[in-house]
Enquirer: 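Take this structure first; my questions come after.
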Number of protein chains: 2
Amino acid sequence: MATGRSTQHNPNPAGGTRRSRGRGIPDATVARLPLYLRALTALSERSVPTVSSEELAAAAGVNSAKLRKDFSYLGSYGTRGVGYDVEYLVYQISRELGLTQDWPVVIVGIGNLGHALANYGGFASRGFRVAALLDADPAITGNVVAGLPVRHTDEMEEIVRDERVSIGVITTPPGAAQQVCDRLVAAGVTSILNFAPTVLNVPDGVDVRKVDLSIELQILAFHEQRKAGDDLADEDGEVPSAPAAAVVSGRGPEQGHGYEEAAG
Amino acid sequence: MATGRSTQHNPNPAGGTRRSRGRGIPDATVARLPLYLRALTALSERSVPTVSSEELAAAAGVNSAKLRKDFSYLGSYGTRGVGYDVEYLVYQISRELGLTQDWPVVIVGIGNLGHALANYGGFASRGFRVAALLDADPAITGNVVAGLPVRHTDEMEEIVRDERVSIGVITTPPGAAQQVCDRLVAAGVTSILNFAPTVLNVPDGVDVRKVDLSIELQILAFHEQRKAGDDLADEDGEVPSAPAAAVVSGRGPEQGHGYEEAAG
DNA sequence: CCATCTTTGTGCACGCGTTCACAAAGACAT
DNA sequence: ATGTCTTTGTGAACGCGTGCACAAAGATGG
Ligand SMILES: NC(=O)c1ccc[n+]([C@@H]2O[C@H](COP(=O)([O-])OP(=O)(O)OC[C@H]3O[C@@H](n4cnc5c(N)ncnc54)[C@H](O)[C@@H]3O)[C@@H](O)[C@H]2O)c1
Ligand SMILES: NC(=O)c1ccc[n+]([C@@H]2O[C@H](COP(=O)([O-])OP(=O)(O)OC[C@H]3O[C@@H](n4cnc5c(N)ncnc54)[C@H](O)[C@@H]3O)[C@@H](O)[C@H]2O)c1
C-alpha cells in the first residue's frame, strides 16, 4: 500500500513533526479506521453480530495482526475466543473519527469535478453535509446543483462563519487553489481537501490532504513499466551487478525491488 | 487482499549493495517523483536552467535532504555547487516514470465522476490517453462525452486487447466495482485506479490504487475533532500531557494507501 | 594551480509501521 | 471446576523512511 499518503506532503515542513503524541493514535491507524468502518457497516447491515479479526481483516484487505494492533489503540473492545461486537465497534470507530457529529463542508469551484462531488451521495452518509457550493464565475453562481444554489465566493467568509464550516474542498483550477486556500483558512477553515494539482501552503494547525489523479496514474505507470521490463528481462530476482557507469540511455529494464520476491 | 504473502523476505541477501545502483526505487520515492516533475515542469516553462535541491524542495513541499536522496536513487544527475539541470531532470524523471510512452486508459462507469474524469484535461498532458469510455447502461452508451462515444462494456475485452490498454479506471457504483475489476483484469488490464469505495481483490501482478473521498474526509474529521475538542476528553481519563499551544497537528500519512503490489 | 565557496550525495541514527509469535483471556463442553 | 479450544492483545524484532550532518565534488575567482 503504499503509499500514502497520503502523499500529502506538508506544504510547510518547517514545522517539525510533532505528531507523536503520548497517547495519540498513529496516523497509519487513523487512515485505516475508515476502511474498517466501511467493512463493519456492511456486516452490520447484514445483521452479523460479531466478527473475528481474521474475517474483518480479510474484508478490509489488511493483515489481521495489524487490525488487532490498530484496535488496541482504541481500547480493548474485543472478546477473546469470540471476536468483536460489530455494532459496538461501529460506534467506537465512528466516535473516534468524529463521525457522530455533523461536519459542514464547503466545495469551492463548481466545475466538472465540483459538480460530481456535489452530486455525490457518499457525503451525507457519514455525517458530512455540504453547507455550500462556491464559485467565482458569475455565469455559474445562481445555478442550482444537487439541490443547492451555487453561491459566489464573496460570501465565503460569511458562510464559513455562520455555518461553522471547518472543512473545505478545493476543486478550482490549480492557479486559483492557493488563493482560495488562503481565503478559506482566513475565514476559519482548518482542514482542506485539495483536488487541484498544486502544493498548498498553509499555516500550522491547518491540515491539508490532497487527491491527485495525475499522481496516481503516474505511479501506476511506473509499476506498469517495471512489469513490462521484467517480462523482457529474466525472472531472477538478482540482477547481474548493474554496472554503475552504464548511462542507461535506452530504457533499462526495471527490475523488482529487493523487497519482493520475483519468482513468477 | 494484499496478499503480500511472499514473506520470505531474505533479511540480508548475498548481494549487499544491490539496491543503490541496481535500481530498486523505494515506493515512497516513486510517489514523490510526480511531485518533483510538476515543480520542474513549471520551472521549465519559465525557462529556468538549473535549480538547487533547496529551491526545488521548497517548490515541491518536501525536505531538501529527502529530495536529494530521492534523486540519488535515479542516479547522480546533479552538479555540486550548481544544482540540477531542469530540462535534463524533467527528462530523467519522465523516463523513470514511464511517461515517455503512451498509456491508453479506459474509464468504466460514465456517471457523475466518470464524466468529470473524461472531461479532465490533465490526462493527456502526461501521456495518458483515454482510449475508451465504458458503461453498462444502454441509456448512456452512445452518448458522446468529451468527444468520445460511450461504448458498452460488452466491448471491453475487444478494446483492451486492440488498444493495448493496461490501465483501467473504475468509477462505477461500489457494488459493481469488483465485477468490473475482474473483467478488466481478465481482459488484460494490470493496473487499476479505483474510485469506488470498495476493497478490490486482484491476482498477483495487478496493481491497484484507490482514491477515496470519504476516507480522506474522515481522516480530516479525526484531526479536526482533536483540534477542536482536546479539552473535551471523554470518560476514559486521557492525560493531556501537552498543552493546546503546540497543537501543530500531525500531517496525514502518505497517501500511498490502497496500493497493492504483487510480484508477477 | 591553489583557495574558497556552494551544493550535492550519502553514511548514519532514529522513529514509525508492520509482522511474527505467543501468553493471556475468555467461551464452551464435560 | 477443569480442560480444551478459539481468538485477542501485545512484546519484540525488523525493515523502511526520514532527516541530520558532513565529506566529496565541482564551480569560481585570484
Ligand atoms: N475533472 C477531473 O476529473 C479532475 C481530476 C483530477 C484533478 N482535477 C483538478 O480539479 C480541479 C477542477 O477540475 P475541473 O475539471 O472541475 O475544472 P473546471 O474548470 O471544470 O472547474 C473549475 C471551476 O472553478 C471555478 N473557479 C476558478 N477560479 C476560482 C476561484 N478563484 N474561486 C472559486 N472558483 C473558481 C471556475 O469558475 C470553474 O467553475 C482542477 O484543478 C483540476 O486539475 C480535476
Ligand atoms: N461522484 C463523486 O464525486 C464521487 C466521489 C467519491 C467516490 N465516488 C464513487 O465513484 C463511483 C461513481 O460515482 P458517481 O457519482 O459517478 O456514480 P453514478 O451513479 O453517477 O455513475 C455510475 C455509473 O456506472 C455505471 N455502471 C453501473 N454498473 C456498471 C457496470 N457493471 N459496468 C459498467 N458501468 C456500470 C452506471 O451506468 C453509471 O453511469 C461510485 O462508486 C462512488 O461511490 C464518487
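Predicted, not measured: the structure shown is a model, and the values here were computed from it. Below, chains carry the letters A, B, ... as their sequence lines are ordered, and counting in each starts from 1.
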Enquirer: For D:dA24, does either OP1 or OP2 sit under 4.0 Å from a side-chain N or O belonging to B:R68?
Expert: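 Checking D:dA24 against B:R68, no side-chain N or O comes under 4.0 Å of OP1 or OP2.
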Enquirer: Whole-Å distance between D:dC5 P and A:E54 CD?
Expert: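 Value for this atom pair: 19 Å.
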Enquirer: What's the CG-P distance between A:D70 and C:dT18, to the nearest Å?
Expert: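 Taking CG of A:D70 and P of C:dT18, I get 7 Å after rounding.
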Enquirer: Assess whether ring-ring contact (aromatic ring centres under 6.0 Å, His included) is satisfied between B:Y77 and B:Y84, documenting all intermediate values.
Expert: CA-CA 7 Å; B:Y77 296 146; B:Y84 298 91; 8.6 Å; no
Enquirer: Examine the side chains of B:S214 and B:Q218 and answer whether a donor and an acceptor come within less than 3.5 Å of each other.
Expert: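 Indeed, the side chains of B:S214 and B:Q218 share at least one donor-acceptor pair under 3.5 Å.
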Enquirer: Have B:T190 and A:E224 got a donor and an acceptor in their side chains that come within less than 3.5 Å?
Expert: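 Their side chains do contain a donor-acceptor pair, which is all the 3.5 Å distance test asks for.
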Enquirer: Check A:L56 against A:L89 and note the closest heavy-atom contact, atom names and distance.
Expert: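 Between these two residues, the closest heavy atoms are CD2-CD2, 4.4 Å.
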Enquirer: In whole angstroms, how far is the C1' atom of C:dA25 from the OH atom of A:Y77?
Expert: 18 Å
Enquirer: Can you tell me if the side-chain N/O atoms of B:N63 get under 4.0 Å from OP1 or OP2 in D:dG17?
Expert: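 So the side chain of B:N63 is outside the cut-off, no N or O lying under 4.0 Å from OP1 or OP2 of D:dG17.
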Enquirer: If you define the side chain from C-beta out and look only at heavy atoms, does anything of A:N194 sit under 4.5 Å from A:C181?
Expert: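 In short, these two side chains do not touch, never coming nearer than 4.5 Å.
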Enquirer: Nearest to the A:A28 side chain among D:dA27, D:dG9, C:dT18, which nucleotide is it?
Expert: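 Of the candidates, C:dT18 comes closest.
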Enquirer: What is the distance, rounded to the nearest whole Å, between atom CD of B:E55 and atom P of C:dT6?
Expert: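 Interatomic distance, CD of B:E55 to P of C:dT6: 14 Å.
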Enquirer: Measure CG/B:L67 against C1'/D:dC20 and give the value in whole Å, please.
Expert: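 Taking atom C1' of D:dC20 as the reference, CG of B:L67 is at 16 Å.
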Enquirer: How long is the line joining NZ of A:K66 and P of C:dC20, in whole Å?
Expert: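 So the NZ-P distance, A:K66 to C:dC20, works out to 10 Å.
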Enquirer: OP1 or OP2 of C:dT10 versus the side-chain N and O atoms of B:K69: is any pair under 4.0 Å?
Expert: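 For B:K69, the contact criterion (side-chain N or O under 4.0 Å from OP1 or OP2 of C:dT10) is not met.
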Enquirer: Got a salt bridge between B:D207 and A:R226, using NZ or NE/NH1/NH2 to carboxylate O under 4.0 Å?
Expert: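 Salt bridge absent between B:D207 and A:R226.
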Enquirer: Starting from the 5' end of DNA chain C, give me the residue, A:A65 or A:P26, whose nearest nucleotide shows up first.
Expert: A:P26
Enquirer: Judged by each residue's nearest nucleotide on DNA chain D, which is more toward the 5′ side, A:G81 or A:S72?
Expert: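 The residue whose closest nucleotide sits nearer the 5' end is A:G81.
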Enquirer: For B:S53 and C:dT8, is the shortest distance between a side-chain N/O and OP1 or OP2 below 4.0 Å?
Expert: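 B:S53 to C:dT8 OP1/OP2: side-chain N or O found under 4.0 Å.
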Enquirer: Can you check the A:Y73 OH to C:dC16 P distance for me, whole Å?
Expert: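 About 10 Å, once rounded to whole Å.
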Enquirer: Do A:W103 and B:Q225 touch side chain to side chain, with heavy atoms closer than 4.5 Å?
Expert: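 Yes, their side chains come closer than 4.5 Å.
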Enquirer: Pick base, sugar-phosphate or nothing for A:Y84, based on heavy-atom distances below 4.0 Å to the nucleic acid.
Expert: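 Counting heavy atoms under 4.0 Å across all strands, the contact made by A:Y84 is with sugar-phosphate only.
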Enquirer: In whole angstroms, how far is the C1' atom of D:dC16 from the CG atom of A:D27?
Expert: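 After rounding, the gap between these two atoms is 16 Å.
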Enquirer: Sort me out a list of protein N/O and nucleotides 28-30 of chain C N/O pairs below 3.5 Å, or just none if empty.
Expert:
none

Enquirer: Is any N or O donor-acceptor pair between the side chain of A:R80 and the base of D:dT7 shorter than 3.5 Å?
Expert: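 Flag unset: no donor-acceptor pair detected.
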